[in-house]
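One structure is given here, and the rest of the page talks about it.
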Amino acid sequence: MKLENIIEKLPKVDLHVHLDGSVKPETVFDLALDQGITLPTNNIKELSGYLKIEGDCDSLIEYLQKFDFVSQVLHTKEALERVAYEVVEQAYEENCKYIEVRFGPQLHTNKGLSLEEVIYSVIKGLKRGEKRYGVQANVIACCLRHHSTEENKEVIRAASAFHGKGLVGVDLAGDEATYPAHLFREVFELAKQKAIPVTIHAGEAAGPENIREAITNLGASRIGHGVRLKDDPELLNYVLENCIPLEMCPISNIQTKASASWDRYPIRYYFDRGLMITVNTDNMTVSNTCLTKELLILVEKFDFTLMEIGQVIMNSIDASFLDARAKKKLKNKFLAEYKRLEMTSQQVI
Ligand SMILES: O=c1[nH]cnc2c1ncn2[C@@H]1O[C@H](CO)[C@@H](O)[C@H]1O
Ligand SMILES: [Zn+2]
């Protein structure tokens with residue numbers, strides 16, 4: 001069997017996938033038609049150019065501009081439910097069994113939806129997908145770096161109402177270079193009060209000081225990307241000793257220039273040091289990727305063996321915001337499936 005097919009067949013987990021960065025181009029057409037929005041083109045290939053990074057991208061700031069276009073069709077309950085359902089469907093298509101889907105509730109209120117309505121619609125879509133496809137799916141609500149403290153606190157409050165009912169965590173996303181992590185202490189103090197698990201995008205477009213801040217002051221128990229952790233060996237040891245998971249997204253990390261090249265991408269170094277790395281898609285449409293593609297890069301560019309890929313996938317289960325029982329159940333399911341794929345558990349873990 002071709003390596004790509006083997007990886008496609010492996011049961012997988014995606015802990016870092018943005019809803020608005022994973023909307024299928026055909027769906028953007030449909031939603032625009034339903035909502036009476038005129039798009040600049042009727043051609044699917046041309047439309048893709050508005051949604052995906054094609055060719056060179058200079059920075060995270062340029063990467064984030066891709067989200068403006070899709071945003072116009074994501075302000076109704078029906079649209080949010082549909083795109084959430086379709087993210088589960090896309091996960092199913094490559095045998096991904098558990099996903100944590102993130103989005104910024106404040107980015108979907110232009111037509112008058114409340115934050116609660118936005119979150120509820122997304123959860124509804126995910127749960128419908130869960131039922132249809134047997135892929136478990138939960139929500140992470142993102143605060144945005146360019147939003148005010150009050151707007152972000154509203155997100156935490158709204159998230160808190162759904163905690164344990166389809167929502168498993170909160171995040172901080174957006175332009176890291178302009179807005180350092182320490183500006184968000186008050187926001188994440190509220191998350192701490194509400195006892196909602198926290199993951200923070202850090203060490204992607206700025207240095208390791210944001211990773212340190214996220215862990216020590218914002219209560220992050222996971223780090224989004226963490227590409228720049230390698231620049232601070234002492235902090236790296238801390239992250240290692242405390243088993244703090246890194247949600248790495250290889251293709252996105254190259255596109256945003258979090259890493260200048262594959263040669264400098266630290267994923268093999270992190271793995272060999274024993275860091276708890278996980279591999280994720282970030283944005284399936286914007287980055288034109290899927291989990292199979294991301295894991296294949298580990299094999300092709302970083303010489304990961306299939307056994308090591310299995311370890312990375314198991315890391316994702318451990319790093320997830322699921323409770324201990326659900327993690328155990330998922331692990332057993334994965335092992336059974338690995339066995340079914342004629343790989344002994346020793347080979348996989
Ligand atoms: O890699 C990333 N780094 C930081 N922010 C991101 C990334 N990908 C997406 N978003 C931001 O998160 C918002 C909610 O989903 C998106 O609208 C985008 O602005
Ligand atoms: Zn992200």
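All values below come from the heavy atoms of this structure, side chains included, with hydrogens, waters and symmetry mates left out. In each ligand, atom 1 is the first atom listed, and ligand 1 is the first ligand listed. FYI, the numbering just counts along the sequence from 1.
Asp20 OD2, 3.2 Å is the protein heavy atom nearest to atom 16 (C) of ligand 1. Of all protein heavy atoms, the one lying nearest to atom 5 (N) of ligand 1 is Gly174 N, 2.9 Å. Here the protein heavy atom with the shortest distance to atom 3 (N) of ligand 1 is Glu204 OE1, 2.8 Å. The single protein non-hydrogen atom nearest to atom 11 (C) of ligand 1 is Leu64 CD2, 3.8 Å, given as residue, atom name and distance. Nearest protein neighbour of atom 8 (N) of ligand 1, counting heavy atoms only, is Asn283 ND2, 3.2 Å.
Other residues, nucleotides and ligands contribute more than 12 heavy atoms inside 6.0 Å of the NZ atom of Lys327. Within a 6.0 Å sphere centred on NZ of Lys111, other residues, nucleotides and ligands contribute more than 12 heavy atoms.
Cation-pi geometry between Arg222 and Phe321 is met: the NZ or CZ atom falls under 6.0 Å from the ring centre, inside 45° of the normal. Cation-pi check for Arg268 over Phe302 is not met; the charged atom does not lie both under 6.0 angstrom from the ring centroid and within 45 degrees of its normal.
Atom numbering of ligand 1 starts at 1 in the shown order; those under 4.0 Å from a heavy atom of Gly104 are 14 (C).
The residues Glu81 and Lys127 are annotated as not salt-bridged, no charged nitrogen and carboxylate oxygen being separated by less than 4.0 angstrom.
Side-chain contact, Asn280 with Lys12: no donor N or O sits under 3.5 Å from an acceptor N or O. Between the side chains of Asp175 and Thr178, a donor-acceptor pair is found at a separation under 3.5 Å.
Not a single heavy atom of Arg145 sits closer than 4.0 Å to an atom of ligand 1. Ligand 1 does not have Gly21 within reach: every non-hydrogen atom of the residue lies 4.0 Å or more from it.
Rounding to the nearest 0.5 angstrom, the gap separating the CD1 atom in Ile313 from the OH atom in Tyr338 is 3.5 Å. Atom CD1 in Ile200 sits 9.5 Å away from atom OG in Ser221 (nearest 0.5 Å).
Residue contacts with ligand 1, taken as heavy atom pairs separated by less than 4.0 Å, involve His225 solely via side-chain atoms from C-beta onward. Contacts of Asp282 with ligand 1, taken as heavy-atom pairs under 4.0 Å, involve the side chain alone. Contacts with ligand 1 closer than 4.0 Å are made by side-chain heavy atoms of Leu60 only, the backbone lying farther away. Contact annotation for Val286 and ligand 1: no heavy atom of the residue comes within less than 4.0 Å of the ligand.
In the candidate list His18, Arg102, His108, His18 is nearest to atom 7 (C) of ligand 1, counting heavy atoms.
Of the options Val135, Leu15, Ile317, a side-chain contact (heavy atoms from CB on, under 4.5 Å) to Tyr98 is made by Leu15 and by none of the others. Results of the salt bridge (Lys or Arg N to Asp or Glu O under 4.0 Å) test with Arg102 over Asp14, Asp171, Asp20 single out Asp171 as the only residue that passes.
Legend: protein N/O/S atoms lying under 2.8 Å from the Zn ion (ligand 2), waters omitted, number 4.
Without hydrogens or angle criteria, Glu100 side chain to Ser320 main chain gives no donor-acceptor distance under 3.5 Å.
Of the N or O atoms in Tyr63, none lie within a sub-3.5 Å distance of an N or O in ligand 1.
Ring planes of Phe67 and Tyr63: tilted class, angle from 30 to 60°.
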